[in-house]
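Here is the structure we will look at.
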There are 2 protein chains.
Amino acid sequence: MSVSVKEVAREAGVSVGTVSNVLNRPEVVAPATVRKVTEAIDKLGFVRNDAARQLRAGHSRSFGLVILDARNPFFMDVTQGAQHRALENGYTVLMGASDSSLTTEQQLLDLFDQQRVAGVLISPMHSDLSRLWRIRESGTPVVLVDRGSGDRSFSSVSVNDVEGGRIAVQHLVELGRKRIAFVGGPQSIEQVRHRLEGAQSVIAGASDASLEYLPTKQLSVIEGRAAGERIVAMAPGQRPDGVFAANDLLALGILQAFVMSGKLKVPEDIALVGYDNIAFAESAVVPITTVRQPAEEIGRTAVDVLLREAEAGENAVREQFVFTPKLVIRASTTGTANAPAPSPR
Amino acid sequence: MSVSVKEVAREAGVSVGTVSNVLNRPEVVAPATVRKVTEAIDKLGFVRNDAARQLRAGHSRSFGLVILDARNPFFMDVTQGAQHRALENGYTVLMGASDSSLTTEQQLLDLFDQQRVAGVLISPMHSDLSRLWRIRESGTPVVLVDRGSGDRSFSSVSVNDVEGGRIAVQHLVELGRKRIAFVGGPQSIEQVRHRLEGAQSVIAGASDASLEYLPTKQLSVIEGRAAGERIVAMAPGQRPDGVFAANDLLALGILQAFVMSGKLKVPEDIALVGYDNIAFAESAVVPITTVRQPAEEIGRTAVDVLLREAEAGENAVREQFVFTPKLVIRASTTGTANAPAPSPR
DNA sequence: TTCGGTGATTGAAACGATTCATTTTGGGTC
DNA sequence: GACCCAAAATGAATCGTTTCAATCACCGAA
């Protein structure tokens, strides 16, 4: 079916070893021979069989990346960053979304195991990292993405989510909002817990403000809309005047519900802050104030760390990268018309 | 490093052939033996080496998918659909974005070649399908996605883009818009050409309406914003009163520019129609009227066709699926407040 | 007791690239 | 012309799984 080194060797009148050398270390082969072999390769349309290379090498030349949600532009940005940096180093990225399902996460890891990936990048569902320990013990480096490693036992590239939650709610409080609602869930997602924690820390320091927790099942536009509808349905007296959503998808959904109701004006009646600074937050009905995370940089850095760990092998040093999030202020809290200049992402 | 069938066989006291049979055809192995082997597998933590399987099988158990843009939610929806359907059939999807670069497209195909993927799904850049011919001739089925195969020489799953362009502009004309602008590009993208063609066909039939073509370099929010700014800068007398954008990302950017200028009201001064019906079109500053394509279904169907072609081998029948797009009317053309019920995607 | 026959198991070959110890080649020296 | 050495080329072994022809074990029928 497809051409192998053997046939190339025959065509070029050399041995298979030489063909392999031309492919991998042309400097040890006589120039004339290199030419002969290259010509044979072109003539026969030879394409290396990656499976055979991997089998011999013991591991593949791709990294496995497990993200939480492929529909969230934030993760696609992370993926993009990772993919580019990996490609620069001759690696490929296999991306899979766990869709916040533990089973799917396991399946993806099984898959990566079978593929003998050179490393795993993962935004894990919960704190039980035992599976990841096993993977690393079997010789595959693991880097946590968008999630710190509490005890520093894994390398990680993350953003300070507690701080992110803090600056978001701080902003709302400084605008004079008293009844704050936090919309997000499930709490099994660490990022959600941390952002909530940061929110609570602000409230604890502000005597006259309160925080209400409105749980959601997922971090999606649909769930956001549902949460928004719940808020719309509340009695005016106990309705929050500021909402902090655990991510921009939720915020977008919440905003939709508010606008559709025709009853709640943003930010006059209720201010809204999201998280991630996805491109679409800026072009929403009311441009959404949000907490920016350097998505692509997270992806790139994660691959860098993975490459270093892979190189170092057994005695690799664990690295902890923690980025600091920034508040991007837009009309959903300040009510000023759309920001005149496009904000950086 | 990692456990092989050989060690499992030793542990279980059987031959490697038997272990392989337990793995692949347990029904031909005595129940007691199956148990012994299964226990040995669990005990040693054996994980199949996919590279070795592939090598033997001659091809991998994954499909390669080349999309135009990973940041466009439309393509992520297609990917999601493809991934799910593939998984149901025991296949994996390797997704790569060509980012509208021919070189990247080639690189991805090279990669898939090396991986000996079981099939290729591609949303190709231009009409030169010679590379795809070669791939198919080497025994790998190919299905065109979101793009028809003019001469039916490839199977394809697409949407009638000419019709999509037609209904979009038809809608604008029916609303009484006379000076229509088509924003999109580059024309090397077939989808863009067809949508433009559909737009032109309407104008040709409407005596008093005109169509202006505003080219863009990409189908992105940024490019949309730039195009929008160009429109804002036009003299009021020759400014279009209706804009049809080649996709929702562009539309979102255009809308941003209009709103930011503070000079143009949508739809009063200028009506806007997008394409794709991505989730974010609905939650835009002004919810955007758009042309809906069944993204996930496209992905699913494409995998189905690929599976059929792979099964049939040499004498496979080429199949052409053409979905019909639907107009989703929102405030950016009708000006009515946000649609009360969320529209279907 | 022997002979089929069936169901279960075996083990060697094959997949294709890489590696590395070994052999060959070609110059240069004395 | 013999000898040495470096550079170049060779080819068998290896990776882990699957396949399949061959063998084995066991039971019932003759």
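- Here C/dA17 is the nucleotide among C/dT18, C/dA17, C/dG16 with the atom lying nearest to any side-chain atom of A/Val5.
- Remark: P of D/dT17 and CD of A/Gln115 are 14 Å apart, rounded to the nearest angstrom.
- Between B/Trp133 and B/Phe154, the angle of the ring planes goes over 60°, which puts this pair in the perpendicular group of the 30/60° scheme.
- The environment of CD in B/Glu137 is crowded: more than 12 heavy-atom neighbours from other residues, nucleotides or ligands sit within 6.0 Å.
- Whole-Å rounding puts the A/Arg56 CZ to C/dA14 C1' distance at 17 Å.
- Here the nucleotide nearest the side chain of B/Arg53, chosen from C/dT18, D/dT18, C/dT10, is D/dT18.
- Between the CZ atom of A/Arg116 and the P atom of D/dT17 there is a distance of 7 Å, given to the nearest Å.
- Closest approach to the A/Ser4 side chain among C/dT9, C/dA14, C/dG16 is made by C/dG16 (side chain taken as heavy atoms from C-beta onward).
- Of the side-chain N and O atoms in A/Asn49, none sit less than 4.0 angstrom from OP1 or OP2 of C/dA17.
- Side-chain atoms of B/Arg131 and B/Gln106 form a donor-acceptor pair, as typed in the model, at a separation below 3.5 Å.
- Mapping B/Val47 and A/Gly13 onto DNA chain D by nearest heavy atom places A/Gly13 closer to the 5' end of the strand.
- Between B/Thr18 and C/dT10 there is a side-chain N or O to OP1 or OP2 distance below 4.0 Å.
- For B/Arg25, taking side-chain heavy atoms from C-beta onward, the closest of the listed nucleotides C/dT19, C/dT9, D/dT19 is D/dT19.
- One atom, CG of B/Asn21, and another, P of D/dT19, lie 9 Å apart when rounded to the nearest Å.
- Rounded to whole angstrom, the span from the CZ atom of B/Arg10 across to the P atom of D/dT17 amounts to 13 Å.
- In this structure, A/Thr140 contributes its side chain and A/Ala118 its backbone to no donor-acceptor pair below 3.5 Å.
- One can place CG of A/Leu44 at 14 Å from P of C/dG16, the figure rounded to the nearest angstrom.
- At whole-Å resolution of the value, CG in B/Leu23 and C1' in D/dG16 are 12 Å apart.
- Here A/Asp50 lies out of heavy-atom contact (under 4.0 Å) with every strand.
- Side chains of B/Ser153 and B/Asp151: a donor-acceptor N/O pair is present below 3.5 angstrom, by distance only.
- Atom CZ of A/Arg48 is separated from atom P of C/dA17 by 9 Å (rounded to the nearest Å).
- Comparing C/dT19, C/dC15, D/dC15 by their closest approach to the side chain of A/Leu55 singles out D/dC15.
- Across all strands shown, A/Val19 has no heavy atoms under 4.0 Å from either base or sugar-phosphate atoms.
- At the heavy-atom level, A/Val14 lies under 4.0 Å from the strands shown only through sugar-phosphate atoms.
- Of the N and O atoms on the side chains of B/Glu309 and B/Ser155, at least one donor lies less than 3.5 Å from an acceptor on the other residue.
- Nearest-nucleotide mapping onto DNA chain D: of B/Ala51 and B/Gly17, the residue sitting toward the 5' end is B/Ala51.
- Phosphate proximity of D/dA8 to A/Thr33: absent, as no side-chain N or O sits under 4.0 Å from OP1 or OP2.
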